[in-house]
2 protein chains.
Amino acid sequence: MADRNATNMKGRGESLLFLTDDQLRRGIEAMFFAYRGFTADPDRILQDYGYGRAHHRAIHFINRTPGTTVNNLLSILGVTKQSLNRVLRTLVEDDLVDSRVGTRDKRERHLFLTPKGAGLERELSEAQRNRMRDAYRAAGPEAVAGFRTVLEQMMNQEMRRQYLDGGDGPR
Amino acid sequence: MADRNATNMKGRGESLLFLTDDQLRRGIEAMFFAYRGFTADPDRILQDYGYGRAHHRAIHFINRTPGTTVNNLLSILGVTKQSLNRVLRTLVEDDLVDSRVGTRDKRERHLFLTPKGAGLERELSEAQRNRMRDAYRAAGPEAVAGFRTVLEQMMNQEMRRQYLDGGDGPR
DNA sequence: CTTGGAAAGTCAACAAGGCTGACATAAACT
DNA sequence: AGTTTATGTCAGCCTTGTTGACTTTCCAAG
């Protein structure tokens, strides 16, 4: 429906710009709807547990980097400690996350998923991976490579800004 | 940093899967960070006006489809009428949106941006387009084509679900 | 022409998850 | 000893989502 111009450019490789405002607008909307789809499955699962996206994010990054400190998590997620703490507290209370006092620096708390937490993580990430896999499969390997490339550019933009602007935080 | 496997597959076109869980996880995280970057500029602009993302979304879709009804907007945005109404009310009060009673069906309200509203829309979409354009430029035309293809797959997933599941709405 | 129901709006109450500010504690650093 | 750092916590505010109940308008079918 929309990638006519883009596909016509394939193989030319020059930056002769097919980037009309309308093309960009479609990209913007695609991001909006795709992101909604992307979070839909986890959202439904979390609802059953009485959790929200904030819990999902915490669980995800604790799983990715076991033993991460609260401060680490804070800067990755870009929220205030009060906000994160609220979430973290319920996760510890519900025995999904284990918060261990640091050995070298006892002020720090190192965060780990409990078996129960790892279970929920698997459930959530499996749903999301299935989505992603289906989209990837339908789009094909070449498209996936391009997808990753563009997303990485968008990520870099934000990382760059965060450090250049002194990281005045998220809205 | 990540598309090694994917690029290796290029040209083979078969679905011999390069889709390891770790590759998928990286895609998932890229979506998270990219989306954050994607909304960062508008969020900053909106803050100055005392608005939030909900206002942005309303403004965007009214601009895209001038004269759209409240119900149309409702189903596109996937929120409750009470939630949308609160946003719409402030936009009308602040003279950014014009709500005209329908001529054929007078129960309907048709929504238009006022010149002032169009001004804010331009400011917001310009920031977002610049982001998108920069990412597209840096990634190149082929990557953009792939990006669009994958996003469209993800959009379709959600559209399909919405109608199959009877559209039980967003969380 | 009456009435049922759809479309839109309003009011009230609530929850999640952001935010700020202030303050407490313990540990580490100087 | 005094300062800084990491964390936690209390209180209060905002946005944006939710339900439920109710009204007004008005189309359309009986």
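The chains referred to below are lettered A, B, ... by the order of the sequence lines, with proteins before strands, and numbering in each begins at 1.
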Problem - Sugar-phosphate or base contact per nucleotide [nucleotides 24-30 of chain C; S, B, -; heavy atom under 4.0 Å] - result: ---BS--
Practice task
Using only side-chain N and O atoms of Asn71(B), determine if any of them is under 4.0 Å from OP1 or OP2 of dA8(C).
Solution key: yes
Handout entry: Interatomic distance where CZ belongs to Arg53(A) and P belongs to dT16(D) [whole Å]
Key = 14 Å
Handout entry: Pair Asp94(A)-Tyr51(A), side-chain donor/acceptor within less than 3.5 Å
Key = yes
Handout entry: Length of the line joining Gln82(A):CD and dC19(C):C1', which is rounded to integer Å
Key = 8 Å
Handout entry: Contact summary for Leu46(B) and His56(B), nearest pair of heavy atoms
Key = CD1-CB, 3.6 Å
Exercise for the section: Using whole Å, report how far CG of Leu74(B) lies from P of dT16(D). Expected result: 16 Å
Problem - Protein-nucleotide distance (Leu88(A), atom CG; dT9(D), atom C1'), rounded to Å - result: 14 Å
Problem - Arg86(A) CZ - dC13(D) C1' separation (whole Å) - result: 11 Å
Handout entry: Minimal non-hydrogen separation, Ala30(A) against Leu151(B), with atom names
Key = CB-CD1, 3.6 Å
Practice task
Please state how far atom OH in Tyr49(A) lies from atom P in dA16(C), giving the value in whole angstrom units.
Solution key: 18 Å
Completion exercise
Residues at least two apart in sequence or cross-chain that pass ring-ring contact (aromatic ring centres under 6.0 Å, His included) with Phe32(B), listed by chain then number, are Phe61(A)
Practice task
Using atom CG of Asp48(B) as one end and atom P of dT15(D) as the other, report the distance to the nearest whole Å.
Solution key: 14 Å
Handout entry: Atom-to-atom span, CZ of Arg109(B) to C1' of dT25(D) - whole angstrom
Key = 8 Å
Name the atoms and distances for all side-chain donor-acceptor pairs under 3.5 Å in residues 76-92 of chain A, with sequence neighbours left out.
from     : atom 1 : to       : atom 2 : distance (Å)
Thr80(A) : OG1    : Ser83(A) : N      : 3.3
Thr90(A) : OG1    : His55(A) : NE2    : 3.3
Thr90(A) : OG1    : Val87(A) : O      : 2.8

